[in-house]
Amino acid sequence: MVLESVIDFAVSERLELLFHLFHGSTISALIDRLDNRAVAALQKFMWEKTVEFGIICRGKHFDRKEVTRKMTPTPNYQRQQECSQRAYYCKGTYCIQINPSCARKKIKEHVDVMAETIREYIHLAQQNRPI
Amino acid sequence: MRIGEVAIISHTLTEPETFIRSICGKIEVQNPTTCFGRFDVDDQLGLHLYGVRIDPESKSFFWDIASRKMLGYIFIFNWDDRTMLESIKPLVDHFAQQFEMPIVVVANIADRSVPPIPEKFFQPNGIALAANARFTFGQISAPADAKKVLVLLINMLLERLD
């Protein structure tokens with residue numbers, strides 16, 4: 001059985017991502033060597049890990065807004081890019097196909113925010129402190 | 001007695017040998033590319049652990065034949081050794097894509113009392129990489145950590161029964 005999501009963003013790339021994440025290196029640099037489908041899958045994987053780490057660290061107090069509030073809001077990002085598309089198009093799965101450079105720029109920002117958030121959760125757990 | 005077989009794979013044979021010694025107490029058979037240890041759970045069930053050094057010359061069909069009977073695979077690399085990580089990556093992908101059997105990738109650390117991230121993020125279930133693959137940290141020379149890795153692999157097998 002071949003899992004489609006594994007092909008999009010190989011297990012070894014996921015491993016590589018965790019290696020960089022836990023060694024404190026920049027994650028967004030990995031994006032440049034991935035194709036569009038893998039970039040979208042990387043973003044999904046990072047979001048899943050952020051939520052997992054958030055729930056382990058914060059329990060029922062975890063709120064996705066504590067991650068998303070550090071990201072540039074979509075209307076602001078679209079204005080910066082002079083984009084006239086509808087707001088719901090502005091996500092990895094759609095724009096990565098029609099305007100990959102713009103989508104990659106946005107995904108890089110999001111991925112770095114998620115990495116920073118995961119490192120905060122790790123730091124808080126190491127300090128044994130609530131967020 | 002029923003026998004379950006597990007492959008422990010790494011860039012060199014040192015890590016599988018250390019892991020098997022932690023579980024089984026001793027190495028039964030060893031040659032330059034493989035080693036073998038046996039762990040009897042009880043008089044009904046035994047585990048055979050095969051340590052394998054990655055040979056860049058070996059073809060994928062070798063693994064296709066050798067791996068069909070395995071319960072699962074444990075890949076080991078030393079956490080600060082990028083070369084070791086690179087060497088296991090092609091095989092991890094090959095196994096993850098071709099087989100449904102569980103894969104555990106272990107980052108071997110020098111001191112289990114100071115893991116790179118707090119234990120609660122990777123114990124007891126590891127960090128999911130894919131439906132059949134998990135990542136975890138452990139000091140493979142410590143029997144307690146090696147056993148946790150083996151238990152994780154067996155739990156992944158049992159989860160497939162759900």
Side-chain angles (χ1 to χ4, degrees), chain A residues 1-25 27 29-30 33-35 37-38 41-42 44-59 62 114-131, chain B residues 9-11 54 64 73-109 113-138 156 160:
Chain A
M1 181 182 69
V2 177
L3 303 168
E4 195 172 327
S5 60
V6 174
I7 291 172
D8 286 347
F9 183 43
V11 170
S12 65
E13 298 288 357
R14 295 164 194 229
L15 199 52
E16 173 98 19
L17 187 152
L18 295 182
F19 183 86
H20 284 280
L21 179 66
F22 300 144
H23 272 102
S25 325
I27 302 297
L30 296 175
R33 65 175 202 224
L34 299 175
D35 64 25
R37 284 178 61 163
L42 178 149
K44 182 171 178 282
F45 180 74
M46 271 300 283
W47 177 251
E48 288 167 0
K49 294 305 129 191
T50 308
V51 172
E52 281 173 29
F53 275 60
I55 290 170
I56 290 169
C57 183
R58 305 264 293 121
F62 172 74
M114 289 187 267
E116 181 193 318
T117 307
I118 289 174
R119 289 185 188 123
E120 277 174 25
Y121 291 141
I122 291 169
H123 182 68
L124 289 168
Q126 282 165 336
Q127 307 288 314
N128 209 14
R129 282 191 291 125
I131 200 163
Chain B
I9 304 161
S10 188
H11 182 62
I54 293 173
D64 292 348
Y73 314 95
I74 295 169
F75 286 89
I76 303 172
F77 72 98
N78 291 337
W79 178 234
D80 288 316
D81 191 332
R82 178 140 195 115
T83 306
M84 288 186 84
L85 172 62
E86 289 301 321
S87 74
I88 65 166
K89 281 166 65 177
L91 264 185
V92 168
D93 281 341
H94 180 74
F95 281 33
Q97 288 176 17
Q98 299 300 320
F99 305 114
E100 292 181 59
M101 288 81 98
I103 296 168
V104 177
V105 181
V106 188
N108 180 36
I109 53 175
S113 66
V114 280
I117 63 173
E119 269 196 16
K120 65 179 179 181
F121 292 116
F122 62 88
Q123 287 289 3
N125 298 322
I127 299 171
L129 295 167
N132 62 340
R134 308 259 174 94
F135 170 78
T136 191
F137 290 99
M156 288 170 72
R160 293 170 55 191

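This is a predicted model, so every value here is computed, not measured. Naming convention: chains lettered A, B, ... in sequence-line order (proteins, then strands); numbering from 1 in each chain.
For a residue to count as touching a neighbouring chain, one of its non-hydrogen atoms must lie under 4.5 Å from one of that chain's; by this rule B:Phe122 does not touch chain A. If you measure heavy-atom distances from B:Phe77 to chain A, the contacts under 4.5 Å come from the side chain alone. In this structure, no portion of B:Ile103 lies under 4.5 Å from any heavy atom of chain A.
With values rounded to the nearest 0.5 angstrom, B:Glu86 atom CD is found 9.5 Å from A:Leu15 atom CG. For the atom pair B:Gln97 CD and A:Ser12 OG, the distance stands at 8.5 Å (nearest 0.5 Å). Considering CG of B:Asp93 and CD of A:Glu13, their distance stands at 7.5 Å, rounded to 0.5 Å.
Under the 4.5 Å side-chain criterion, counting only non-hydrogen atoms from C-beta, B:Ile127 is in contact with A:Phe53. A heavy-atom distance below 4.5 Å is not found between the side chains of A:Glu52 and B:Phe121.
The minimum heavy-atom distance between A:Phe45 and B:Leu129, with the atom names listed, is CE1-O, 4.1 Å. The minimum heavy-atom distance between B:Ile117 and A:Gln126, with the atom names listed, is CA-NE2, 4.4 Å. Of all heavy-atom pairs between A:Arg14 and B:Ala130, the closest is NH1-CA, 4.4 Å.
Using cut-offs of 30° and 60° on the angle between ring planes, the pair B:Phe135 and A:Phe22 is parallel.
Judged by distance alone, the side chain of A:Lys49 and the main-chain N or O of B:Ala128 form a donor-acceptor pair under 3.5 Å.
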